[in-house]
Participant: 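One structure coming up, written as structure tokens, with questions to follow.
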Amino acid sequence: MPSFTCSICGGRLGHELLQITMPDRFERHVGIGSEGYVRRWVECSGCGTATNVHTPENFEKLATIAAGYYEVDFKSSSIADKYEKVMSLPRSQSDNANRVARIIDFLRGWHGLWVPTKPAPSRVLDIGAGTGVFLSKFLQEMRKEHWDWTGMAVEPDPVAAGHLRSLGLFEVTQSIFSTSLGLVRFDLCTLNKVVEHLPDPVSLLHEVSYALSQNGLLYVEVPDKLTAFHRSPNDNILGALHHHLYTIEGLSVLCGAAGFVPIRIDRIFEPSGKITLAAIAVTKNTADMLAARQGQ
């Protein structure tokens, strides 16, 4: 059920940023009509994060397609075609290529803090892998770096999971992520445009912390609240399946509430036109260990 309390920091949802008066394609798919329709993006007075507030009945209807996103999103096209099209984009036009470059650039320096020798074999876990473009490009670029990385994709949507398996580039687990999957000792866990789909992202990130190796990194991308002021109300980022639009403070609070310490948070204006916040974080234990090491 929707609430007027921010699920990120517990603050009060007060100021209305934007009112949506027409259902999007996902809402229409579950039978939500346009007559009397209203949905609101409401700002938290604490961390500034915006929450998508639905009527209770619409909120319940939308929950029925939570794990069948691509059945609607690619109803008139092929997920494989989308993969090939995005994989072929030049870096200047590719959100994913730039995402991969940011992460690799950080990893070079991060590895040197711990073991300034030839990088050891490493593992990446991509949660909510979608079309697989990010994970494919990441592993591709790591081969160019002569760094031995293997990947695991976790994806609940059956259409997307089937596509990911067909690529044959990494392991695939068709499931919603949880500690019960027994996925552990990953050097990098990535959630790209995933946590905004969750009403309670703190719980997910807390579970993700158990999947990381001792010095493992968390990389999280979310839509920026600025989107509400610079994109059309019918933009997918402002759609019904997204629960939050984040601020830098809100993303930092989210990481902290889940037991992480953010190392950096960047605002990114992406080639696609999206306005994004990206955080790189470590568990509190790793942060404490690094601080003690640097202080010696």
Side-chain angles (χ1 to χ4, degrees), residues 82-155 160 164 167 169-171 186-196 205 208 211-213 215-224 226-227 230 237 246 248 251-252 255 260-282 286 290:
K82 177 67 176 292
Y83 172 84
E84 294 297 336
K85 179 179 179 180
V86 178
M87 283 292 290
S88 67
L89 291 173
R91 178 173 170 178
S92 62
Q93 299 174 29
S94 173
D95 295 355
N96 279 285
N98 282 279
R99 176 183 296 139
V100 168
R102 279 194 301 276
I103 294 173
I104 291 178
D105 184 60
F106 186 90
L107 283 170
R108 291 192 192 104
W110 179 250
H111 182 266
L113 286 175
W114 299 98
V115 188
T117 58
K118 182 179 178 180
S122 304
R123 303 167 72 220
V124 54
L125 177 66
D126 190 30
I127 298 170
T131 63
V133 172
F134 163 74
L135 191 51
S136 298
K137 279 192 171 292
F138 178 84
L139 295 174
Q140 182 183 79
E141 291 302 312
M142 278 306 191
R143 285 195 294 272
K144 294 179 185 178
E145 295 278 325
H146 304 291
W147 192 341
D148 182 15
W149 279 78
T150 55
M152 163 74 78
V154 174
E155 173 55 55
L164 293 170
L167 298 176
L169 301 174
F170 37 75
E171 294 182 69
F186 287 89
D187 303 285
L188 172 67
C189 288
T190 57
L191 295 101
N192 299 311
K193 306 294 172 37
V194 170
V195 299
E196 67 269 23
L205 291 191
V208 170
L212 288 169
S213 61
N215 304 327
L217 292 167
L218 172 71
Y219 180 85
V220 181
E221 275 193 19
V222 292
D224 194 311
L226 289 180
T227 303
H230 296 284
I237 300 298
Y246 285 83
I248 290 175
L251 184 52
S252 179
C255 289
F260 286 94
V261 176
I263 298 174
R264 60 184 288 179
I265 297 178
D266 297 311
R267 173 171 282 132
I268 302 153
F269 294 87
E270 303 196 74
S272 65
K274 295 174 183 175
I275 309 173
T276 293
L277 296 176
I280 297 176
V282 294
T286 298
L290 181 61

Participant: Given side-chain contact (heavy atoms from CB on, under 4.5 Å), test Arg99 with Tyr219 step by step and report yes or no.
Facilitator: CA-CA 10 Å; Arg99 176 183 296 139; Tyr219 180 85; 3.8 Å; yes

Participant: Begin with the C-alpha distance, continue with both residues' side-chain angles, and end with the deciding distance and a verdict on side-chain contact (heavy atoms from CB on, under 4.5 Å) for Val124 and Leu139.
Facilitator: CA-CA 9 Å; Val124 54; Leu139 295 174; 4.2 Å; yes

Participant: Any pair with a residue in residues 83-98 that passes salt bridge (charged side-chain N to carboxylate O under 4.0 Å, His left out), sequence neighbours left out, goes on the list, sorted by first then second residue, please.
Facilitator: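 Non-adjacent pairs meeting salt bridge (charged side-chain N to carboxylate O under 4.0 Å, His left out): zero.
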
Participant: Applying side-chain contact (heavy atoms from CB on, under 4.5 Å) to Leu212 and Phe260, what does each step give before you reach the verdict?
Facilitator: CA-CA 11 Å; Leu212 288 169; Phe260 286 94; 3.6 Å; yes

Participant: Would Leu217 and Cys189 satisfy side-chain contact (heavy atoms from CB on, under 4.5 Å), going step by step from the backbone distance to the final call?
Facilitator: CA-CA 6 Å; Leu217 292 167; Cys189 288; over 6 Å; no

Participant: Do Leu218 and Leu191 have side chains that approach each other closer than 4.5 Å (heavy atoms only, starting at C-beta)?
Facilitator: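 A side-chain contact under 4.5 Å exists here.
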
Participant: Can you measure from CZ (Arg264) to CZ (Phe106) and round to the nearest 0.5 angstrom?
Facilitator: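 Here the rounded value is 7.0 Å.
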
Participant: Between Ser136 (side chain) and Gly132 (backbone), is there a donor-acceptor pair under 3.5 Å?
Facilitator: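 Yes, Ser136 side chain to Gly132 backbone: donor-acceptor pair under 3.5 Å.
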
Participant: When rounded to the nearest 0.5 angstrom, what distance separates CZ in Phe186 from CD1 in Ile127?
Facilitator: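 That separation rounds to 9.0 Å.
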
Participant: Hey, does Lys137 have a side-chain heavy atom less than 4.5 Å from the side chain of Ser94?
Facilitator: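 The answer is yes; the side chains approach within 4.5 Å.
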
Participant: If you round to the nearest 0.5 Å, how far is OG of Ser88 from OH of Tyr83?
Facilitator: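 One finds 11.0 Å between OH of Tyr83 and OG of Ser88.
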
Participant: Tell me, do Phe138 and Asp126 make a side-chain contact under 4.5 Å, heavy atoms counted?
Facilitator: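 Side-chain contact under 4.5 Å: no.
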
Participant: Quickly, which of Asn96, Ile103, Asn98, Ile104 forms a side chain to side chain contact (heavy atoms under 4.5 Å, CB included) with Val100? Name it, please.
Facilitator: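 By the side chain to side chain contact (heavy atoms under 4.5 Å, CB included) criterion, Val100 pairs with just one of Asn96, Ile103, Asn98, Ile104: Ile104.
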
Participant: Considering the options Lys193, Glu221, Arg267, which one meets the side-chain hydrogen bond (donor to acceptor under 3.5 Å, both in side chains) requirement together with Thr276?
Facilitator: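 Going through the options one by one, the only one that passes is Lys193.
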
Participant: I want to check something: taking the side chain as every heavy atom from C-beta on, are Leu290 and Trp110 in contact at a cut-off of under 4.5 Å?
Facilitator: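 Yes - at least one pair of side-chain heavy atoms lies under 4.5 Å apart.
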
Participant: Find out whether Leu125 and Val154 are in side-chain contact, i.e. whether some heavy atom of one side chain is under 4.5 Å from a heavy atom of the other.
Facilitator: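 Side-chain contact under 4.5 Å: yes.
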
Participant: Do you know which two heavy atoms are closest between Lys82 and Thr131, and how far apart they sit?
Facilitator: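 Looking at all heavy atoms of both residues, the shortest contact is CG-CG2, 4.4 Å.
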
Participant: List the atom of Ala279, the atom of Ile265, and the distance in Å for their closest heavy-atom pair.
Facilitator: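 Where Ala279 meets Ile265 most closely, the heavy atoms are CB-CG1, 3.8 Å.
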
Participant: Counting N and O atoms only, with roles assigned by atom type, does the side chain of Asp266 sit under 3.5 Å from a partner on the main chain of Ile268, one being a donor and the other an acceptor?
Facilitator: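 Between the backbone of Ile268 and the side chain of Asp266 there is no qualifying donor-acceptor contact (under 3.5 Å).
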
Participant: Hey, could you give me the CG/CG distance between Leu251 and Leu277, rounded to the nearest 0.5 Å?
Facilitator: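 Reported value, rounded in 0.5 Å steps: 6.0 Å.
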
Participant: Locate the shortest heavy-atom distance separating Leu164 from Ala129; write the atom from each residue and the value.
Facilitator: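 Result for this residue pair: CD1-CB, 3.9 Å.
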
Participant: Quick check: closest heavy atoms across Ala281 and Pro262, and the distance to 0.1 Å?
Facilitator: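 Looking at all heavy atoms of both residues, the shortest contact is CB-CA, 3.8 Å.
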
Participant: Does the Glu196 side chain pair with the main chain of Val194, one donor and one acceptor, at a distance under 3.5 Å?
Facilitator: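 Yes, because the side chain of Glu196 sits within donor-acceptor range (under 3.5 Å) of the backbone of Val194.
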
Participant: Within a strict 4.5 Å, meaning less than it, do heavy atoms of the Trp149 and Asp187 side chains meet?
Facilitator: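 Counting from C-beta outward, Trp149 and Asp187 do come under 4.5 Å.
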
Participant: Measuring from Leu226:CG to Ile237:CD1, what's the distance to the nearest 0.5 Å?
Facilitator: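 Answer rounded to 0.5 Å: 13.0 Å.
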
Participant: Looking at every non-hydrogen atom in both residues, tell me the closest pair between Ala160 and Glu155 and how far apart they are.
Facilitator: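 It is CB-CG, 3.6 Å.
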
